[in-house]
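Heavy-atom basis, side chains included; hydrogens, waters and symmetry copies ignored. Please read these numbers as outputs of a predicted model, since none were measured by experiment.
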There are 2 protein chains.
Amino acid sequence: MKWVNLMTNRVRRTMPLLPISIVMQLTELTARQIRYYEEHDLISPARTEGNKRMFSLNDVDTLLEIKDYLDQGLNIAGIKKIYDLRETPENEKAEPKNLSDAELRRLLHEELKHQARPLERGGFRQSDLSRFFN
Amino acid sequence: MKWVNLMTNRVRRTMPLLPISIVMQLTELTARQIRYYEEHDLISPARTEGNKRMFSLNDVDTLLEIKDYLDQGLNIAGIKKIYDLRETPENEKAEPKNLSDAELRRLLHEELKHQARPLERGGFRQSDLSRFFN
DNA sequence: AAATGAATGTTATGTTTTCTGACATAAAAA
DNA sequence: TTTTTATGTCAGAAAACATAACATTCATTT
């Protein structure tokens, strides 16, 4: 019974546990979309010996983020830029940070300039996840 | 980012998420063993439309329990009895409980009578799960 | 208006994974 | 000794997933 708590509370979010079919359900993305995002280095799911993708909970979170960013009108390049900035090690952050932040602001501004945020987006919303919980 | 916490902390433990290959890794059981335990109604993993087994974290926990019970010298029948008693609704517990508990005690006593508990069992131990965490 | 590019859909074909069922086996129980 | 239990192993079929190519939609650019 101890295992229960261990598994649900402490299991590493980076453990590759989920096949693509489950991730599709959890994120409401198509396999095509998920593979496309991987192709553009937004995610890097693990692979089995037989080359099948296995996703971690972190991967699922990232995919939900990507979906949200896309709904907000960002494109893949913009999302990737954000992730690249995020993954920049702390020591390197000090100097190039301001530069990159300015760049990011410009980029986001550019993105949103001519795009009215579609409020009627049929996309994902927090409450949509409710069917996975109780 | 909110999703992260939702996914890791609140995701239903009964959600069928894991394919058998992953469960094999998590439990160090063979597919044969897992299917055998299902055949004897110790677990009831969900099925995909295509009839593939999909396991919940609860299923994993149960399998780890089963492994532990087996290591302790119980047999499948004994483990099943324990689970049947557990799953007995509360209202029905009052009367038959004592009877069944007595039966259980007798059963366990029977089981262990001629079996020296193998302390050197090469089996599962809590620390064995450590490689899944950090 | 036409061409381009980004994001996704669709289809084809091959490989991996999982399924059930049958038979084999070692150890324990009867 | 014979039976039963728990598990191993193998075969054949089906599901799930892989990559790759081509199609489509829509926004941007020329």
Side-chain angles (χ1 to χ4, degrees), chain A residues 16-25 27-55 59 63 66-81 107 110-118 121-123, chain B residues 16-25 27-43 45-55 59 63 66-81 107 109-118 121-123:
Chain A
L17 295 173
L18 314 173
I20 197 169
S21 54
I22 293 295
V23 175
M24 290 170 63
Q25 294 175 210
T27 62
E28 292 180 305
L29 293 168
T30 66
R32 182 68 167 91
Q33 289 174 302
I34 295 170
R35 296 188 190 118
Y36 185 74
Y37 304 152
E38 180 189 20
E39 198 175 12
H40 290 267
D41 299 312
L42 297 181
I43 53 172
S44 298
R47 298 287 183 132
T48 67
E49 288 189 1
N51 200 37
K52 269 81 179 94
R53 272 169 267 253
M54 295 298 298
F55 298 78
D59 290 327
L63 287 170
I66 292 170
K67 213 184 166 185
D68 207 41
Y69 281 135
L70 288 175
D71 281 345
Q72 291 173 34
L74 298 220
N75 64 11
I76 302 288
I79 300 172
K80 179 155 175 47
K81 176 67 79 180
L107 179 139
E110 206 69 33
E111 288 282 351
L112 297 171
K113 198 161 43 181
H114 288 298
Q115 287 182 0
R117 168 108 62 80
R121 63 194 188 281
Chain B
L17 295 173
L18 315 173
I20 198 170
S21 53
I22 293 296
V23 175
M24 291 171 63
Q25 293 174 212
T27 62
E28 292 181 303
L29 293 168
T30 66
R32 183 67 167 94
Q33 289 175 302
I34 295 170
R35 294 187 191 118
Y36 186 74
Y37 304 151
E38 180 189 21
E39 199 174 11
H40 290 266
D41 299 312
L42 297 181
I43 52 173
R47 298 287 184 131
T48 67
E49 288 189 3
N51 201 35
K52 270 77 179 101
R53 271 168 267 253
M54 294 298 298
F55 298 79
D59 290 327
L63 287 170
I66 293 169
K67 213 183 166 185
D68 207 42
Y69 280 135
L70 288 175
D71 281 344
Q72 292 173 33
L74 298 219
N75 64 10
I76 301 287
I79 299 172
K80 176 153 177 48
K81 177 66 79 180
L107 179 140
H109 188 257
E110 206 70 30
E111 289 283 351
L112 298 171
K113 198 160 45 181
H114 289 297
Q115 287 181 0
R117 169 109 63 80
R121 63 194 188 281

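Atom CD1 of B:Ile43 sits about 6.5 Å away from atom CD1 of B:Ile34, to the nearest 0.5 Å.
Rounded to an integer number of Å, the gap from CD1 of B:Ile34 to P of C:dT17 is 15 Å. Here the C1' atom of nucleotide D:dA18 and the CE atom of A:Met54 are 14 Å apart, to the nearest Å. Atom C1' of nucleotide C:dT17 and atom CE of B:Met24 are separated by 11 Å, given to the nearest angstrom. Nucleotide D:dA16 holds its C1' atom 13 Å from the CD atom of A:Gln25, rounded to whole Å. Across the protein-nucleic acid pair, A:Glu28 atom CD and C:dG9 atom C1' stand 18 Å apart, rounded to whole Å. The CD atom of A:Glu38 sits 13 Å away from the C1' atom of D:dC17 (whole-angstrom rounding).
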Could you list all N or O pairs between the protein and nucleotides 13-15 of chain D that sit under 3.5 Å apart?
from, atom 1, to, atom 2, distance (Å)
D:dA15, O4', B:Lys52, NZ, 3.4

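Applying the side chain to side chain donor-acceptor pair (under 3.5 Å) criterion to B:Arg32, with sequence neighbours excluded, gives no partner residue. Under the rule for a side chain to side chain donor-acceptor pair (under 3.5 Å), the partners of B:Thr30 that lie at least two apart in sequence or sit in another chain are B:Gln33. When the side chain to side chain contact (heavy atoms under 4.5 Å, CB included) test is applied to A:Ala31, the partners found at least two apart in sequence or on another chain are A:Ile20, A:Met24, A:Arg35. Annotation: side chain to side chain donor-acceptor pair (under 3.5 Å) contacts of A:Asp41 (sequence neighbours excluded): none.
Of the possible donor and acceptor atoms, one in the side chain of A:Lys67 sits under 3.5 Å from a partner among the backbone N and O of A:Thr27.
The environment of CD in A:Glu39 is crowded: more than 12 heavy-atom neighbours from other residues, nucleotides or ligands sit within 6.0 Å.
Distances shown here put a side-chain N or O of B:Arg53 below 4.0 Å from the OP1 or OP2 atom of C:dC19. The side chain of B:Arg47 places an N or O atom within less than 4.0 Å of a non-bridging phosphate oxygen (OP1 or OP2) of C:dT20.
Residue A:Arg35 has its side chain nearest to D:dA18 when only C:dT20, D:dA18, C:dT17 are considered.
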For nucleotides 1-12 of chain D, read 5' to 3', which letter fits each nucleotide if B means a protein heavy atom sits under 4.0 Å from the base, S means only the sugar-phosphate is that close, and - means neither? ----SBBBB---
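With respect to A:Arg47 and A:Glu38, a salt bridge is recorded, a charged nitrogen being found less than 4.0 Å from a carboxylate O.
You'll find the side chain of B:Arg53 stays beyond 4.5 Å of the side chain of B:Val23, heavy atoms only.
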